[in-house]
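As structure tokens, the structure follows; a few thoughts come after it.
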Amino acid sequence: MADKKVRVRFAPSPTGGLHLGGVRTVLFNYLFAKQHGGDFVLRIEDTDQNRYVEGAEQYILDCLAWCGLIPDESPVVGGPFAPYRQSERKPLYREYAEKLVMEGHAYYAFDTPEELDAKRKEVPNFQYGHAHRDELRNSLSLSQHEVDALLDAHTPHVIRIKMPTDETISFNDMIRGHVSFETNQVDDKVLLKADGMPTYHLAVVVDDYLMKISHAFRGEEWLPSAPVHLLLWDYLGWKADMPQWAHLPLILKPDGHGKLSKRDGARLGFPVYAMSWFDVKTDELTQGFRELGFLPEAFLNLLAMLGWNDGGDQEIFTLDALVEKFSIERVSKAGAKFDYEKAKWYNAEWIKKTSAEGLKDKVITVFADKGVAVNDDQYLLTVIDAVKERCILLPDFYQQASFFFGVPKEYDINSVKPKWNEAKDAFFNLLIDRYAASHTWDALELENIFKALMEEKALKAGDVMLPFRIMLVGGKFGPHVFDIAAMLGKEETIGRIEKALVVFNG
RNA sequence: GGCCCGUUCGUCUAGGGGUUAGGACGUUAGAUUUUCAUUCUAGAAACAGGGGUUCGAUUCCCCUACGGGCUACCA
């Protein structure tokens with residue numbers, strides 16, 4: 001086991017949107033695998049036919065593709081351990097479950113859900129385990145003859161693990177260190193459901209074994225069922241091949257307490273899913289990080305820092321840097337509250353850090369969504385460089401730069417009108433002439449002309465700078481006003497002044 | 001309730017028997033920009049509590065409190 005090739009897996013169930021905690025689990029798996037030259041496997045855990053949601057698998061694939069965390073093996077690309085959908089591996093699990101029954105580590109249970117409910121009401125803190133299994137209908141309490149009869153009659157039944165009595169199960173978690181459990185406290189979990197599908201408990205160990213998984217990273221919510229998995233690895237005779245476990249801390253609500261859920265996102269106004277997800281059952285759309293305008297690099301970066309750090313002061317990491325520096329031992333044990341403000345900061349940093357060329361296609365999409373066509377790439381690149389440091393999310397590019405691609409639709413007239421007068425009107429009419437006469441057209445020259453005229457007319461910058469900005473931009477935002485004029489060009493700048501003058505004087 | 005895991009500024013965290021307990025987000029003040037934003041400077045802000053162990057605990061141990069997770073024929 002020492003020299004085993006590193007193989008990790010992400011095993012989501014295709015039931016809906018992909019939670020950022022899920023993406024973080026993918027990320028940590030991916031980083032670990034790549035760092036060790038290993039494989040990253042995507043396995044679809046679709047054993048619950050009731051919860052299966054059409055399209056969810058493709059959506060998960062799309063999310064991973066957006067993030068750039070591409071599986072080496074998956075249902076779509078296949079691999080040496082196909083199939084990668086548990087529903088397609090169904091017959092396999094029964095075999096192992098029966099083997100466990102045969103060897104006395106599991107048993108048939110015939111209790112109906114109603115009987116179980118009744119038992120739970122009757123017995124406080126009921127657990128299907130050593131204390132009560134004799135009182136229920138299973139192959140441990142019934143005679144062999146009765147069991148055979150029930151089986152022959154195709155009576156619906158499940159297979160449960162038989163938890164041993166008075167044993168301590170412990171293991172070494174890569175993040176938490178030594179963890180231990182008393183078997184008496186763990187119930188006889190169902191391994192094979194009445195429909196013949198395995199539960200997570202059986203499927204995860206069978207598939208991790210068959211797919212030669214070397215390291216199993218999953219959320220902390222799995223910790224309580226770890227002893228069941230440990231026992232299964234042992235009972236199935238695979239103990240020597242058991243992966244090393246690491247249980248990741250949970251991502252918590254920013255306010256209050258508890259696991260972060262999509263509801264919190266809706267309530268507090270931030271995304272929780274990687275990409276938008278439309279739930280056909282409830283007819284509701286949950287916004288994703290991608291659609292809200294996050295760069296995948298920023299998304300990954302902020303996720304990585306939620307529970308991990310390299311020990312230094314660095315905050316911004318590329319995926320490659322993360323692959324190099326990541327260490328599962330440096331993942332913190334405690335859950336982390338999600339901080340959307342900091343998430344946005346990461347995105348702003350990444351927008352600043354990314355070249356105009358790298359931002360181009362995404363900005364074009366932002367404009368296209370707003371119905372603005374961009375047909376001059378070179379001009380767009382200049383615009384992006386001029387405004388990117390004032391953008392936090394991608395859609396901000398529209399707010400910050402749309403005026404570069406069209407005359408302002410509205411003017412912040414209230415910021416001009418109260419102080420507007422004939423002197424200012426005269427100033428701008430003269431400015432049109434001066435600008436029209438100018439042979440050079442760059443920011444410095446435009447500013448010189450502007451200021452010279454200002455002095456002539458005994459006007460202050462405060463009197464005319466803002467109106468000028470509003471003429472070109474429409475509002476009190478954007479880069480330096482002479483830079484804007486320079487980029488807009490002579491004809492456009494003059495045209496905008498003329499057009500605005502009509503409005504201001506009206 | 002039972003079991004398991006956890007606990008350093010508001011948040012994410014570094015650190016580790018002797019430190020002015022460091023960084024980042026946010027926040028406050030100032031500089032720059034007489035649009036904002038960016039940038040820069042400065043500031044406020046934390047070791048849950050109680051017992052041990054020790055010359056000395058925020059750091060190691062125990063207890064308590066608090067928080068979280070699990071407790072389905074869901075994952």
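Chain letters run A, B, ... following the sequence lines, proteins first and then strands; every chain starts at 1. It should be emphasised that the depicted structure is a prediction, and the values quoted were computed from it without experimental measurement.
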Quiz item: According to a strict under-4.0 Å criterion, is Lys333(A) in side-chain N/O contact with OP1 or OP2 of C4(B)?
Solution: no

Self-check item: Any donor-acceptor N/O pair, Asn29(A) side chain to Thr25(A) backbone, under 3.5 Å
Solution: yes

Quiz item: Any ion pair linking Arg51(A) and Asp48(A) (charged N to carboxylate O, less than 4.0 Å)?
Solution: yes

Quiz item: If you look at every strand shown and take non-hydrogen atoms under 4.0 Å, does Lys352(A) touch a base, only sugar-phosphate, or nothing?
Solution: sugar-phosphate

Quiz item: So what does Arg218(A) touch, heavy atoms closer than 4.0 Å: a base, only the sugar-phosphate, or nothing?
Solution: nothing

Quiz item: C61(B) and G23(B): how far apart are their C1' atoms, nearest whole angstrom?
Solution: 31 Å

Quiz item: Are side-chain heavy atoms of Leu248(A) and Ile328(A) found at a separation under 4.5 Å?
Solution: yes

Quiz item: Does a distance-only test, which skips hydrogens and angles, find a donor-acceptor pair under 3.5 Å between the side chain of Lys342(A) and the base of A24(B)?
Solution: yes

Exercise. Please list, by residue number, the residues of residues 156-163 of chain A whose heavy atoms come closer than 4.0 Å to an atom of RNA chain B; answer none if no residue qualifies.
Key: Val158(A), Arg160(A)

Quiz item: In this structure, are over 12 heavy atoms from other groups packed under 6.0 Å from Lys119(A) atom NZ?
Solution: yes

Quiz item: Base, sugar-phosphate alone, or nothing: which one does Thr47(A) contact when heavy atoms must sit under 4.0 Å apart?
Solution: sugar-phosphate

Quiz prompt | Side-chain heavy atoms of Pro271(A) within contact of Phe289(A), under 4.5 Å | solution = yes

Self-check item: Touch class at under 4.0 angstrom, heavy-atom based, for Pro227(A) against every strand present
Solution: nothing

Practice problem: Select base, sugar-phosphate, or nothing to describe what Thr15(A) touches, counting heavy atoms under 4.0 Å on all strands. | Solution: nothing

Quiz item: NA contact type, Gly462(A), heavy-atom cut-off 4.0 Å: base, sugar-phosphate, or nothing?
Solution: base

Quiz item: Lys259(A) side chain N/O closer than 4.0 Å to the phosphate oxygens (OP1, OP2) of C70(B)?
Solution: yes

Exercise. Assign Arg176(A) to base, sugar-phosphate, or nothing according to its heavy-atom contacts below 4.0 angstrom with the strands shown.
Key: sugar-phosphate

